[in-house]
Amino acid sequence: MATIGPLTDGQRQALERLRRRAVGRVSQRAHMVLLSARGYSVPRIAEIFAVGQDVVRTWLHRYARQGPAGLDDRPRPGRPPKDRLARHIVDAQAANSPGSSGLVQGFWTATLLAGFLAARFRLVLAPSSIRRYLHAAGWRWARPRLAPATHAPVGQRKVDPEAPLKLKRLERVLAAAATVLFLDECELQLLPLIRARWMKGPRLRVPTPGQNAKRAIFGALDARTGALRQLIRPRKRAADFVAFLELLARAYPTGEVILVLDNVITHDAKLVRQWLARPEHARFRLLWLPKYTAHEHNPIERVWGLLKDTVAANRLHGSLEALVAEAERFFATRTFQAPYPLAPAQPGQAQAA
């Protein structure tokens, strides 16, 4: 009868680790050996694990001859793969778009890739094999994300030819002592904003409203102090932007004010130009950010991201009024660091002034 004699402390610890950490039936086999060492008979062990007595004897004999390594699964006979380079061929072809191979499709599917490999390389693989090779090479089937134009390949990016000049003007303005405000707008909508988060159990479902509704938020971030002025309006029209300019005129009643903003049509509308042309508004001056990359140079974008993460992400508010109230509470309780504070003047400079 196959039995395992007393174990040393090292042998017992090795088997306990194997029992706790091994994958599949290897853990069960280690447990069989431990039970045999404790005096359990082969029939009793076979009854515990619901296996045949010959199975128990096989693994006890293997452990007696080879130690813990004898409990591992041995390579099983089977048909070798049709092409040992198949995985590498699938990986390499998937890295090239269908268009580069003369196809009209914009992206690969397992079926399309299987048909192409069979026609071009005489490599016949089932779509299920294509998927298996792709997963083994690190590919996954997922939806792409929309991104700004700056993420496009270099040859496809739109470039503002005046970008260096505009950035140089911004640099000179920030070096001066004038009031500089970074302007932008964002939208809050009742439809919840989806953000990645930790989840346990079933995938979290965020309810959606029966009908979506929006509000526009105009904001101005003071480059020197970090003070934020905002105005919530029903829409982002030129008239709403002029109302926001009136708010800024009251907040900054004296001195030159530089408004740094992007090139959306609302900012350069006829109504806005008429407002700027009034004598009492001559102290306001617009400074345009580079086209296509304005978001990269406007620090108020970080405020909008924090607002949406805090107020709108992954939750449905009962009404648009409740959402707006949460946004107003966010603005009332948050302070923001000045993106471009003026350096303190040296004593000698102060006396010269």
Quick check on the hydrophobic clustering: are Leu271 and Trp288 connected, directly or via other members, by side-chain heavy-atom contacts under 4.5 Å? yes
Assigning hydrophobic clusters by single linkage (Ile, Leu, Val, Met, Phe, Trp, Tyr; side-chain heavy-atom cutoff under 4.5 Å), is Leu125 placed with Leu85? yes
For the OG atom of Ser41 and the CZ atom of Arg44, what is their distance to the nearest 0.5 Å? 8.0 Å
Just do the side-chain contact (heavy atoms from CB on, under 4.5 Å) check on Val260 and Leu181 with the steps written out, would you? CA-CA 6 Å; Val260 184; Leu181 304 179; over 6 Å; no
Under 4.5 Å between any side-chain heavy atoms of Leu287 and Arg169, yes or no? yes
Can you measure from CZ (Arg233) to CG (Asp240) and round to the nearest 0.5 angstrom? 4.5 Å
How far apart are the C-alpha atoms of Arg57 and Asp54, what are their side-chain angles, what is the distance that settles it, and do they pass the salt bridge (Lys or Arg N to Asp or Glu O under 4.0 Å) test? CA-CA 5 Å; Arg57 292 190 181 94; Asp54 57 332; over 6 Å; no
Within-4.5 Å side-chain heavy-atom neighbours: Arg315 and Val206: no
Heavy-atom pair of closest approach, residues Ala216 and Lys236: CB-CG, 3.1 Å
Within 6.0 Å of CD in Gln337, more than 12 heavy atoms from elsewhere: no
Kindly check if the number of other-residue, nucleotide or ligand heavy atoms within 6.0 Å of OH (Tyr40) is above 12? no
Distance, nearest 0.5 Å, that separates CG of Leu228 from CD1 of Ile300: 5.5 Å
Working to the nearest 0.5 Å, report the span between CG of Leu71 and CZ of Arg25. 14.0 Å
Walk me through it: do Thr8 and Arg12 pass the test side-chain contact (heavy atoms from CB on, under 4.5 Å)? CA-CA 6 Å; Thr8 65; Arg12 183 176 293 102; over 6 Å; no
Within 45° cone of Tyr252 ring axis and under 6.0 Å: Arg229 NZ or CZ: yes
Could you check if a side-chain atom of Glu16 sits within less than 4.5 angstrom of a side-chain atom of Gln13, using non-hydrogen atoms only? no
What do you reckon, is CZ of Arg38 surrounded by more than 12 foreign heavy atoms closer than 6.0 Å? no
Is a side-chain donor or acceptor of Thr333 paired with a backbone partner of Arg329 at a separation under 3.5 angstrom? yes
Apply side-chain contact (heavy atoms from CB on, under 4.5 Å) to residues Leu117 and Ile89 and explain how you reach the verdict. CA-CA 9 Å; Leu117 293 176; Ile89 295 173; 4.0 Å; yes
Nearest-0.5 Å distance that lies between atom CH2 in Trp141 and atom CH2 in Trp108: 12.5 Å
Side chain of Arg195, backbone of Asp309: donor and acceptor closer than 3.5 Å? no
Counting N and O atoms only, with roles assigned by atom type, does the side chain of Ser100 sit under 3.5 Å from a partner on the main chain of Ser97, one being a donor and the other an acceptor? yes
Quick check: is Leu7 connected to Met32 through a chain of hydrophobic side chains (ILVMFWY, heavy atoms under 4.5 Å apart)? yes
Contact check, side chains of Asn298 and Leu289, non-hydrogen atoms, under 4.5 Å: yes
Decide yes or no for Val55 and Thr58: does some side-chain heavy atom of the first lie under 4.5 Å from some side-chain heavy atom of the second? no
Indicate if Leu261 and Ile258 have the same hydrophobic cluster label, given that clusters are the connected sets of ILVMFWY residues with side-chain heavy-atom separations under 4.5 angstrom. no
Which pair of heavy atoms, one from Leu188 and one from Ala312, lies closest together, and at what distance? CD2-CB, 4.4 Å
Check the hydrophobic clustering (I, L, V, M, F, W, Y; side-chain heavy atoms under 4.5 Å; chains of links allowed) and say if Tyr63 and Val42 are grouped together. yes
Show your working on side-chain hydrogen bond (donor to acceptor under 3.5 Å, both in side chains) between Trp139 and Asp91 and close with a plain yes or no. CA-CA 8 Å; Trp139 296 84; Asp91 183 26; 2.8 Å; yes
Can you tell me if Asp160 uses its side chain to pair, donor with acceptor, with the backbone of Pro290 under 3.5 Å? no
Side-chain (Arg283) to main-chain (Pro253) donor-acceptor, under 3.5 angstrom: yes
Hey, are the side chains of Phe182 and Glu301 touching, using non-hydrogen atoms and a 4.5 Å cut-off? no
Give, for atom OG1 of Thr293 and atom NZ of Lys158, the distance between the pair rounded to the nearest 0.5 Å. 13.0 Å
Less than 6.0 Å separating the ring centroids of Tyr133 and His88? no
Nearest heavy atoms of Trp304 and Phe218, plus distance in Å: CH2-C, 4.3 Å
Using atom types as modelled and distance alone, determine if a side-chain donor or acceptor of Thr266 lies under 3.5 Å from a backbone N or O of Arg237. no
Walk me through it: do Gln274 and Arg278 pass the test side-chain hydrogen bond (donor to acceptor under 3.5 Å, both in side chains)? CA-CA 7 Å; Gln274 290 175 348; Arg278 297 176 190 172; over 6 Å; no
Given Trp275, which of Phe244, Phe284, Phe241 fulfils the ring pair (Phe, Tyr, Trp, His ring centres under 6.0 Å) condition? Phe284
For Arg235, does the CZ atom sit with more than 12 other heavy atoms under 6.0 Å from it, leaving out its own atoms? no
Under 3.5 Å, is there a donor-acceptor pair linking the side chains of Ser101 and Gln93? yes
Taking all non-hydrogen atoms of both residues, which atom of Pro339 and which atom of Asp222 are closest, and how far apart? CD-O, 3.7 Å
Apply salt bridge (Lys or Arg N to Asp or Glu O under 4.0 Å) to the pair Glu256 and Arg285, showing each step before the final yes or no. CA-CA 8 Å; Glu256 183 183 19; Arg285 183 158 60 92; 3.3 Å; yes
Does some side-chain heavy atom of Phe330 sit less than 4.5 Å from a side-chain heavy atom of Leu306? yes
Quick check: closest heavy atoms across Ala338 and Arg224, and the distance to 0.1 Å? CB-O, 3.2 Å
Residue from His297, Lys291, His295, His267 passing side chain to side chain donor-acceptor pair (under 3.5 Å) with Asp262: His267
Could you tell me if the side chain of Gln230 sits less than 4.5 Å from the side chain of Val303, heavy atoms only? no
Step by step, work out the side-chain contact (heavy atoms from CB on, under 4.5 Å) result for Leu286 and Leu276. CA-CA 9 Å; Leu286 303 186; Leu276 293 170; 3.5 Å; yes
Closest heavy-atom pair and its distance - Ala30, Arg19: CB-N, 4.0 Å
